[in-house]
Amino acid sequence: MNPQTELLERAKSVLQKNLRNGFTIPRDKLYPFQWNWDSGFVSIGFANYDIDAAINEINSLLSGQWENGMIPHIIFHSETENTYFPNWDFWDTTVNAGASQKPKTSGISQPPVLGFVLENLLQKHPDNPKVIDFVKYAFPKIVQYHNFWYQYRDAKKEGLVFIYHPWESGRDNSPIWDDALNLIDLKNADLPKYTRQDTKISDAKERPTTRQYDEYVYLLELGKRHQYDGKGIAEESEFLIQDSLINAVLIRSNEALINIGNRFGFDTKKVEEWQQQSIRMFNEKLWNEDLATYTGYDLRQEKAFPYWEIGGLTALFANIPNAHQAKKMKAYLNNLIQNNFLIVPSFDVNHPLYDSKRYWRGPIWPQMNWMIYHGLKQYQFENEATAVKDNFLELVQKFGFHEYFEAQRHLVETTNGGYGGDNFSWTASSVIDLILNP
Ligand code: DGY
């Protein structure tokens, strides 16, 4: 069997292993439920060879949607599974009358990938009646989800939504959050007692620190006090960020909803209004010419982040940069390649806070490479797109289906550069989609 065919078969068996009743877990024990953006990427993988599984994946996520439109970051399809913290009882979403209770869920969201995931399914099967019916069914629910972001998370009504928990960003312990998290007065926080589960399963050196977990629990409790929505969060939270990735993904998904709407004659006026304002503000407020990327904006401290990190690159995927900006972003990647890095590391490799092993403080992430690959292709940056894809496939080939990977070439060649959980679903689905759609 040729190596790519073999990799493809292994990827499919990872998804098969993680498949549960109508949804796929990211990885057993470490993440034993359904995660929002993980499932989006899983659906993209399945769409290549199993339409039912691709549809079920999205449908299972929609089953946890709240009345206010939020699609939570975790859907706890099982109430007895106990290898994960914080579990459904710790979230206690009964504080919000419109929260889903069957299934139980968390109280925050994640990068809103579902719009472009739905479009991807339709593009792969444009004439399949089952797909068309499902797209028509899911479309208004995803519009309602975007409405949640613009209604509850755009405090200034400027078209850029905020997050109040690092878990919402998907990039839990990125150094970009450090300054904001340092505002939290943990000594006087009176945190509830809790026990981490993740470090029993994964190497503690590759996971967030104890202090960071205290901060995560603190912000969870803050959200709970404010019914996980409402003005109170924007008024009280020390952590209040207009994140580059969240907003770029929302913009990319808005575009997908507009495209779907145009095909079926749905009313997309509201989405188009959001989209215009969001793209304009993203460019005006988040571009940093010196860093050659977009950065997040800290609403509490009224300042832009002073760091290069991977979230900004997803703007390419959302078609936001002009030719000049896109070229600068590409040059940054070439510089990394020349300096013997596999791309794309998640944080500035020259910064003292870069940590090549620890979760979002340096490693390469599969789903990020998937989005950046498509972004670079949109701008016809073929060489860089190929590098993003080939580097990722090389890492999986060498180390297996890990959650994240080493970026320094000399370490990739001499040590085990596969980090976090193994047999990871979005690694498998990214492999499948990249191999089958050259
Ligand atoms: C975790 O538990 O590590 C997740 O990233 C939060 O959802």
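In this text the structure is predicted, and so the values were computed from the model without any measurement.
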Item checked: Salt-bridge present (Lys303, Asp298; N to O < 4.0 Å) -> no
Notebook entry, point to check: Do we see a donor-acceptor contact under 3.5 Å between the side chains of Thr94 and Gln101?
Noted result: no
Note to self: Ring centroids only, cut at 6.0 angstrom: are Trp370 and Phe317 within range, meaning strictly under it?
What the structure shows: yes
Check: Just checking, is any N or O donor in the side chain of Glu158 or Gln242 under 3.5 Å from an acceptor N or O on the other one?
Finding: yes
Item checked: Output field: ring centroids Trp426/Tyr31 closer than 6.0 Å -> no
Next item on the list: Mind telling me whether Phe266 and Phe139 have parallel, tilted or perpendicular rings, with 30° and 60° as the class edges?
Entry: tilted
Item checked: Aromatic ring pairing His165/Trp91, orientation class (parallel under 30°, perpendicular over 60°, tilted between) -> tilted
Note to self: Taking the six-membered ring for Trp, are Tyr359 and Trp365 closer than 6.0 Å centroid to centroid?
What the structure shows: yes
Check: Among side-chain atoms of Tyr297 and Glu302, is any donor-acceptor pair under 3.5 angstrom?
Finding: yes
Notebook entry, point to check: Are Glu221 and Arg225 ion-paired here, with the side-chain N under 4.0 Å from a carboxylate O?
Noted result: no
Item checked: Donor-acceptor contact present, side-chain Glu119 to main-chain Ile258, <3.5 Å -> no
Note to self: So if I apply the side chain to side chain contact (heavy atoms under 4.5 Å, CB included) rule between Ile163 and each of Leu219, Asp243, Leu245, Asn247, which one comes out positive?
What the structure shows: Asp243
Notebook entry, point to check: Just checking, any donor-acceptor pair under 3.5 angstrom between side chains of Glu57 and Ser39?
Noted result: yes
Notebook entry, point to check: Within the side chain of Tyr150, is there an N or O that forms a donor-acceptor pair under 3.5 Å with the backbone of Lys157?
Noted result: no
Note to self: Between His77 and Phe23, is the ring centroid distance below 6.0 Å?
What the structure shows: yes
Check: Would you call Arg27 and Glu403 a salt bridge, using N to O less than 4.0 angstrom?
Finding: no
Check: Which residue, Gln275, Gln276, Glu273, forms the side-chain hydrogen bond (donor to acceptor under 3.5 Å, both in side chains) with Asn254?
Finding: Gln275
Checklist line | Side-chain donor-acceptor pair present, Asn173, Trp360, cut-off under 3.5 Å | finding: no
Check: Asn383 and Thr386: side-chain donor and acceptor closer than 3.5 Å?
Finding: no
Note to self: Quick check on salt bridge (charged side-chain N to carboxylate O under 4.0 Å, His left out): which of Lys389, Lys12, Lys124 does Asp433 satisfy it with?
What the structure shows: Lys124
Check: How about Phe405 and Tyr419: are their ring centres within less than 6.0 Å of each other?
Finding: no
Check: Taking the side chain from Arg300 and the backbone from Ala234, do they hold a donor-acceptor pair closer than 3.5 Å?
Finding: yes
Notebook entry, point to check: Charged N to carboxylate O below 4.0 Å: is that the case for Arg153 and Glu168?
Noted result: yes
